[in-house]
2 protein chains.
Amino acid sequence: MVEHDSLALDTIFHALGDATRRAMLAELATGERSVGDLAAPFAMSLAAASKHIKVLEAAGLIRRDVRGRTHVCSLDPAPLMSADQWLGIYRRFWTDRLDTLEALLRTKSAGTPPVKPPIPGNKGEKR
Amino acid sequence: MVEHDSLALDTIFHALGDATRRAMLAELATGERSVGDLAAPFAMSLAAASKHIKVLEAAGLIRRDVRGRTHVCSLDPAPLMSADQWLGIYRRFWTDRLDTLEALLRTKSAGTPPVKPPIPGNKGEKR
DNA sequence: ATCATGTTCAACCATATGGTTAAATATAGC
DNA sequence: GCTATATTTAACCATATGGTTGAACATGAT
């Protein structure tokens, strides 16, 4: 059912691996934008921005509607959903960890006054 | 609080944008693996696999524990959580769409037999 | 028809990426 | 110490990526 086409995921994640492109997606999250609109915020040529847009388009992340001489882009969330589903496989890894932490905090604070608990560096976590 | 370090997201998404590396993560989801273990399934040199592992490590996706002469790798889900949080911003786009579809199906199927409905224009959808 | 606007295309460049092989490093075992 | 095992490093190669500039294309406006 949920097909994890690895070639598609390659292009999707690759498209997301660039701050300029993520910013373009963020912009498109608020509505349609022309190529020029999308390019405007960035200190690069229009041609460069156009390439980024094509990368997003190739990944299926945006659709393009040519209206006269302007190309109007809009977000297509489907590939993001694919990426999310792939990530979903791993979600238990951090929810488990958070659940454990939460449980730990709950038992620690049971009966004791609400002191800010010195969480032992969940950064350098050893097991 | 939840910092969206765009440089970090660059490296995380870049690391995820390769099927070999995603397969390595999938393997690590079942437990610790040595570099050799991780490299074994792939038709590439150990040196190439080692590079992939370093990309994953640079993204913070895996940790490395050097035990004698073998380097034991394990999954670190924190960057995946970051990626998930970034994606979360867009989650409404597909949940909204699915909700709308669901509602549509519910009204359509009220009284009518469950026929496969012609979904209007989710046309970016291949497969 | 002319001119301006929005966008792409082509050629080019520097750097990054993903792979190779061969040599180097570190540790384990005899 | 010697040898085998686990892994990295170095040098190299082909291709991809992200940027540039300048020309081309398509459409809108006069």
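Reminder, nothing fancy here: chain letters follow the sequence lines and each chain counts from 1.
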Given atom [atom1] of [X] and atom [atom2] of [N], what is their separation to the nearest angstrom?
X     : N      : atom1 : atom2 : value
B:R67 : D:dA6  : CZ    : P     : 15 Å
B:I53 : D:dA6  : CD1   : P     : 14 Å
B:R64 : D:dT7  : CZ    : P     : 9 Å
A:D10 : D:dT17 : CG    : C1'   : 15 Å
A:D37 : C:dT5  : CG    : C1'   : 13 Å
A:K54 : C:dG6  : NZ    : C1'   : 14 Å
B:M44 : C:dG19 : CE    : P     : 4 Å

Heteroatom pairs (N/O) under 3.5 angstrom, protein to nucleotides 2-5 of chain D:
| from | atom 1 | to | atom 2 | distance (Å) |
| --- | --- | --- | --- | --- |
| D:dT5 | O4' | B:R69 | NH1 | 3.3 |
| D:dT5 | O2 | B:R69 | NH1 | 3.2 |

May I have all residue pairs that pass side chain to side chain donor-acceptor pair (under 3.5 Å) and include part of residues 33-43 of chain A, sequence neighbours excluded?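 Passing the test, one end in residues 33-43 of chain A: A:E27-A:R33, A:T30-A:R33, A:S34-A:D37.
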
Filter on side chain to side chain donor-acceptor pair (under 3.5 Å), then keep only pairs touching residues 41-50 of chain B, sequence neighbours left out; what's left?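 Output for this query is empty, none listed.
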
Short heteroatom pairs, N/O only, protein and nucleotides 11-13 of chain D, under 3.5 Å:
none

Using side-chain hydrogen bond (donor to acceptor under 3.5 Å, both in side chains) as the criterion, list what pairs up with A:H14, not counting sequence neighbours.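 So A:H14 forms no side-chain hydrogen bond (donor to acceptor under 3.5 Å, both in side chains) with any residue.
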
Using the rule that two of Ile, Leu, Val, Met, Phe, Trp, Tyr join whenever any of their side-chain heavy atoms come within less than 4.5 Å, decide whether A:M44 and A:L46 are in one cluster.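 Looking at the clustering, A:L46 is in a separate group from A:M44.
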
Produce the list of close N/O pairs, under 3.5 Å, pairing protein atoms with atoms of nucleotides 21-24 of chain D; give distances to one decimal.
none

Partners passing salt bridge (Lys or Arg N to Asp or Glu O under 4.0 Å) against [X] (at least two apart in sequence or in another chain):
X     : value
A:D65 : A:R67
B:R22 : A:D10
B:R69 : none

For DNA chain D, what residues of residues 11-26 of chain B have any heavy atom nearer than 4.0 Å?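 The answer is none.
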
Under the rule for side-chain contact (heavy atoms from CB on, under 4.5 Å), what residues qualify as partners of A:A83, not counting sequence neighbours?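 With neighbours one apart ignored, the set is A:I12, A:F13, B:L87.
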
Can you pull the salt bridge (Lys or Arg N to Asp or Glu O under 4.0 Å) pairs that have at least one residue in residues 42-59 of chain B, sequence neighbours excluded?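 Salt bridge (Lys or Arg N to Asp or Glu O under 4.0 Å) check on residues 42-59 of chain B returns B:E57-B:R64.
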
